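Worksheet: one structure, shown below.
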Amino acid sequence: MTPDEAIAEQERLRPLVSTRTDPGLVVRHVAGLDVSYADDDRLAAAVVVLDAESLETVDSAVVSGKADFPYVPGLFAFRELPSLVEAMKKLTVAPDLLVCDGQGLAHPRRFGLACHLGVVTGVPSVGVAKTPMGQFTMPDDVRGAHTDLVDDGEVVGRTLRTREGVKPVFVSVGHRIDLDRACAEVLRLCVTRLPETTRRSDSLGRAQLR
DNA sequence: GCGACAG
DNA sequence: ATCTTGTCGC
């Protein structure tokens with residue numbers, strides 16, 4: 001897979017993204033996905049499913065793999081998606097929403113990791129990134145405060161203060177969910193700056209690396 | 001040509 | 001992503 005082929009793949013799948021939330025969507029089980037890297041090209045893809053209400057872990061899976069695609073901004077999904085999909089296949093509990101570590105529509109071609117994973121699995125998804133991909137004004141320092149994330153003149157996501165006194169996170173729609181709902185779901189997963197889904201999948205992944 | 005550029 | 005304990009501040 002060359003970078004050009006990867007870009008063509010994104011443009012081919014992009015039209016399949018939906019920004020609509022199914023009227024009857026009930027998010028009971030939320031999955032967090034993340035990939036950790038070793039010094040060489042070894043990696044560990046982890047997915048943890050939480051009960052959205054109690055935030056208790058109800059299922060998890062992790063797979064070891066090799067990074068066969070370099071990290072290229074804009075093509076991030078081609079590095080992590082294969083292993084993440086493998087990890088998801090090992091789950092026993094089917095998640096109602098995927099919380100990805102990275103961007104969704106806040107991407108140069110409007111098809112970040114969250115969109116890609118959502119389209120490939122068909123499961124609603126949202127991207128939560130730690131660094132922005134676009135312009136924004138800082139939201140108030142109050143949990144829940146938010147501002148638009150703009151790129152090339154269009155709103156591609158939202159900054160979200162998940163906790164007072166910390167930098168905001170950057171939320172963007174992945175697939176089959178609207179921005180308001182995406183932010184609401186992310187906020188209820190946050191006890192500290194990052195969603196519990198992200199924190200737990202992150203620790204599971206790096207533990208697997210040892 | 002130069003700077004930016006998720007993890 | 002990764003290198004990493006204690007420490008400053010609310």
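To find a chain, count down the sequence lines: A is the first, B the second, and so on, and within it residues start at 1. In this text, all values refer to a predicted model and were calculated from it rather than measured experimentally.
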Tyr37(A) side chain near dG7(B) phosphate (N/O to OP1/OP2, under 4.0 Å): no
Salt bridge present between Arg28(A) and Asp96(A) (N-O < 4.0 angstrom): no
Interatomic distance where CE belongs to Met133(A) and P belongs to dA6(B) [whole Å]: 6 Å
Any donor-acceptor N/O pair, Arg161(A) side chain to Asp140(A) backbone, under 3.5 Å: yes
Flag for Ser36(A)-Gln208(A): side-chain donor and acceptor within less than 3.5 Å: no
Nucleotide dG7(B), atom P - distance to CG of Leu84(A) in whole Å: 14 Å
Sugar-phosphate only, base, or nothing, as touched by Gly127(A) at under 4.0 Å among non-hydrogen atoms: nothing
Side chain to side chain contact (heavy atoms under 4.5 Å, CB included) partner of Pro195(A), the single match among Thr198(A), Val191(A), Thr192(A): Thr198(A)
Whole-Å gap separating P (dA6(B)) and CZ (Phe69(A)): 15 Å
Rounded interatomic separation in angstrom, taking NE2 from His116(A) and P from dG7(B): 18 Å
Spacing of Phe78(A) atom CZ relative to dG7(B) atom C1', expressed in whole Å: 15 Å
Between P of dA4(B) and CG of Asp152(A), the distance in whole Å: 18 Å
Sugar-phosphate only, base, or nothing, as touched by Leu75(A) at under 4.0 Å among non-hydrogen atoms: base
Reported CZ-to-NE2 distance for the pair Phe136(A) and His146(A), which is rounded to 0.5 angstrom: 15.0 Å
dG7(B) phosphate, OP1 or OP2, under 4.0 Å from Thr131(A) side-chain N/O: yes
Donor-acceptor pair between Glu80(A) and Tyr71(A) side chains, under 3.5 angstrom: no
Sugar-phosphate only, base, or nothing, as touched by Leu43(A) at under 4.0 Å among non-hydrogen atoms: nothing
Rounded interatomic separation in angstrom, taking CZ from Arg109(A) and P from dA4(B): 19 Å
Where chain A begins and ends its contact with DNA chain C, read 5' to 3' at 4.0 Å from heavy atoms: dA1(C) to dT2(C)
Ring centroids of Phe76(A) and dG7(B) base under 5.5 Å with planes under 30°: no
Distance in angstrom units between Leu149(A) CG and dC5(B) P, rounded: 12 Å
From CA spacing to verdict: salt bridge (charged side-chain N to carboxylate O under 4.0 Å, His left out), Arg42(A), Asp40(A): CA-CA 6 Å; Arg42(A) 290 179 305 111; Asp40(A) 44 44; 3.1 Å; yes
Donor-acceptor pair between Thr57(A) and Arg200(A) side chains, under 3.5 angstrom: yes
Phe78(A)/His116(A) under ring-ring contact (aromatic ring centres under 6.0 Å, His included): CA gap, chis, key distance, verdict: CA-CA 9 Å; Phe78(A) 294 86; His116(A) 204 145; 5.3 Å; yes
Dot-bracket notation for DNA chain C, counting Watson-Crick and G-U pairs under 3.5 Å, with | for partners on another strand: ..........
First encountered from the 5' end of DNA chain C, between Asp202(A) and Glu164(A): Asp202(A)
Inter-residue atom distance His175(A).NE2 - Cys115(A).SG, 0.5 Å rounding: 9.0 Å
